[in-house]
Amino acid sequence: MYEGILIAGFGGQGVLSTGQLLAYSGMVEGKHVAWIPSYGPEMRGGTANCGVTISQQPISSPLVSEPTVLIAMNRPSLEKFENSVVKGGLIFVNSSLIDIRASRKDVGVYYIPANDMAEDIGSSKVANNIILGALIELTGVVTPEAIEKSLKDVLPPHHHKMIPLNLKAMEAGASLVRTGGRQRMADS
Amino acid sequence: MGKMLMKGNEAIGEGAVRAGCRYFFGYPITPQSELPHYLAKRMPEVGGLYLQAESEVASINMVFGAAGAGARVMTSSSGPGISLMQEGISYLAGAELPCVIVNMVRGGPGLGNIAPAQSDYFQATRGGGHGDYHLIVLAPASVQEIVDLMQDSFDLADKYRNPVMLMGDGVLGQMMEPVDLGEEKILSIPEKSWAATGRMKREKKNLINSLYIVPENCEVHNIKLGEKYKLIASGEQRWEEYRTEGAELIMVAYGTAARVCKAVADLCKAEGMPVGLIRPITLWPFPGRRISELAETAKSFLSVEMSMGQMVDDVRLSVNGKKPVHFYGRVGGMIPAARDVFNEVQFILSGGAR
């Protein structure tokens, strides 16, 4: 098992923390993990991305230059990274904010209106977890239980009241791809 | 204690504290600012001192003072700040003071940028400051290795009474990996009978100095230093080998570039290509002895660096003309892509036909 996951979006969309949560969950499960952020002279509202590697084998390079999974939270991220995804990989498109279609035909593309779904269940802040739920449903890279444990470990106790909403968001995302709603496999 | 997910820069700080470092003097600069940030909080917890100096010149001279008094002391910076410290580093080497200097290398020359690079190799291994001296230079390639090498850095510094540089880059500083910090050990920090801690009824004053005004005396001092460097060069070469057995082409890379090259070696294995990797862990002393041995069996070498070609000089000296030595580099804050290095390897193995 090897997944190189690239998560990209605007600063403030929880891109870096979502990646850390995934990496932490992989570690909880005893897998090899690495997390690496893009960093640079960034500004508020600018783009942010991080690479997360989760593997059964020791990780040679932590750099995710050829992702197996891309999460594009905004349009510039989809445009910038779409072509780097490996053949047969997955792209998750946040269709609440991205009004174009992916052009790749050799990868699985899932359109998920993450911000709209998140608002429906209570807060647009959990949009990233809607997609995270879809991702782990499809790849099994970590279990929902590992994510729940990680949230408890990482979040300070006064934020633990947010955990149920995060888990609800993940279940909504998982349920969407489980029922095949709003997805488009490129071949079909 | 289980594993923790830690940033490289924080791991340097925690590793230093666990190695008994209780003094840190520094000045912030990207991409290593998480390190002083971490120690600003951590040092007071263990009864240590964190002090943000007014400049890098001040930092390194504060290190001189603390080291002269026998403390385990550290500073950290990146390219431009390390350049400012060079006078102090030369003085530390001249006065034979143990300390640890961290350089998280960024793109240069000049102000350059804050992206990862390895272009300070010459500065670290060839001197940087004036005079005949060497730093011991260690180059970790993972967050776990950072923690392990911090202990070694302070031990080597004390053992040889010599400044040690830990050289990383922005990738190693910013990335998070699981680390096992292990049990906190009872530290055995060697007695420093030479330290300037007061006369204590000793017959002779302990003087911390790098001034030898009489040429005859300065020559004796230089020869003594030279003997020490010879001892370090023969006894402290460290490296990691990966898939070198039966390898026809051997990549040589350290730090972040070595991580990329490991992925390349894996790609090569999948394609049935006999390609291995030597990863120097000590950049000075350079692990030339092993490379020289491998030059008997391998057909060619490829130095992969985030520079225009600096370590490749050491690879050439070690191979000593026995086999061709090639170079592949990305610069200015760019990181070699595994696919591109793989293509270069394929090009060399095929005898140069693309």
Side-chain angles (χ1 to χ4, degrees), chain A residues 2 4-7 15-43 48-68 81 83-87 142 146-147 149-151 153-155, chain B residues 2-9 30-34 104 106-107 111 113-116 141-144 169-180 242-243 253 255-269 277 279 304 306 330 333-342:
Chain A
Y2 168 93
I5 301 158
L6 189 66
I7 310 175
V15 160
L16 301 183
S17 56
T18 301
Q20 286 183 1
L21 179 62
L22 250 182
Y24 196 97
S25 304
M27 181 178 74
V28 161
E29 292 188 341
K31 291 168 178 154
H32 295 275
V33 301
W35 173 91
I36 185 160
S38 63
Y39 73 92
E42 309 288 12
M43 58 181 185
N49 72 73
C50 68
V52 178
T53 309
I54 303 181
S55 174
Q56 298 285 9
Q57 303 298 322
I59 295 164
S60 44
S61 172
L63 302 163
V64 182
S65 53
E66 295 175 8
T68 59
F81 296 115
N83 285 330
S84 66
V85 178
V86 297
K87 198 176 168 207
V142 294
I147 300 249
K149 180 176 184 328
S150 303
L151 284 168
D153 283 359
V154 172
L155 290 175
Chain B
K3 286 197 169 180
M4 291 174 67
L5 197 61
M6 266 188 132
K7 261 196 177 196
N9 282 331
T30 308
Q32 60 80 58
S33 291
E34 291 89 351
M104 300 308 268
R106 54 188 253 172
L111 203 47
N113 60 33
I114 60 175
S142 71
V143 180
Q144 181 69 55
D169 61 57
V171 167
L172 282 161
Q174 301 291 328
M175 72 186 285
M176 290 176 104
E177 282 184 318
V179 282
D180 187 351
Y242 191 66
R243 303 195 191 287
T256 294
R259 294 290 292 258
V260 174
C261 287
K262 261 195 180 176
V264 174
D266 291 344
L267 275 171
C268 290
K269 175 144 197 293
L277 168 69
R279 177 175 73 85
V304 179
M306 283 140 67
R330 292 296 303 269
M334 299 300 291
I335 301 165
R339 185 64 56 185
D340 294 337
V341 179
F342 176 80

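Here is how names work: the chains are called A, B, and so on, in the same order as the sequence lines, proteins then strands, and each is numbered from 1. Every heavy atom of this structure was used, including side-chain atoms; hydrogens, water molecules and symmetry mates were not.
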Quick one, R259(B) with I59(A), criterion side chain to side chain contact (heavy atoms under 4.5 Å, CB included). Give me CA distance, side-chain angles, the key distance, then yes/no.
CA-CA 9 Å; R259(B) 294 290 292 258; I59(A) 295 164; 4.2 Å; yes
Atom pairs and distances, side-chain donor-acceptor, residues 19-27 of chain A, under 3.5 Å, sequence neighbours left out:
| residue | atom | partner | partner atom | Å |
| --- | --- | --- | --- | --- |
| Y24(A) | OH | D153(A) | OD2 | 3.3 |
| S25(A) | OG | L21(A) | O | 2.7 |
| S25(A) | OG | S150(A) | OG | 3.0 |

Quick check: closest heavy atoms across S61(A) and A263(B), and the distance to 0.1 Å?
CB-CB, 4.0 Å
To the nearest 0.5 Å, what is the distance between CD (Q174(B)) and OG (S38(A))?
9.5 Å
With sequence neighbours excluded, give me every salt bridge (charged side-chain N to carboxylate O under 4.0 Å, His left out) pair touching residues 29-39 of chain A.
E29(A)-K31(A)
Hey, which of D266(B), T30(B), V171(B) has the most heavy atom pairs under 4.5 Å with chain A?
V171(B)
Could you tell me which non-hydrogen atom of A34(A) sits nearest to which non-hydrogen atom of M175(B), and how far apart they are?
CB-CE, 4.3 Å
Could you tell me whether Q57(A) atom CD has more than 12 heavy atoms of other residues or ligands within 6.0 Å of it?
no
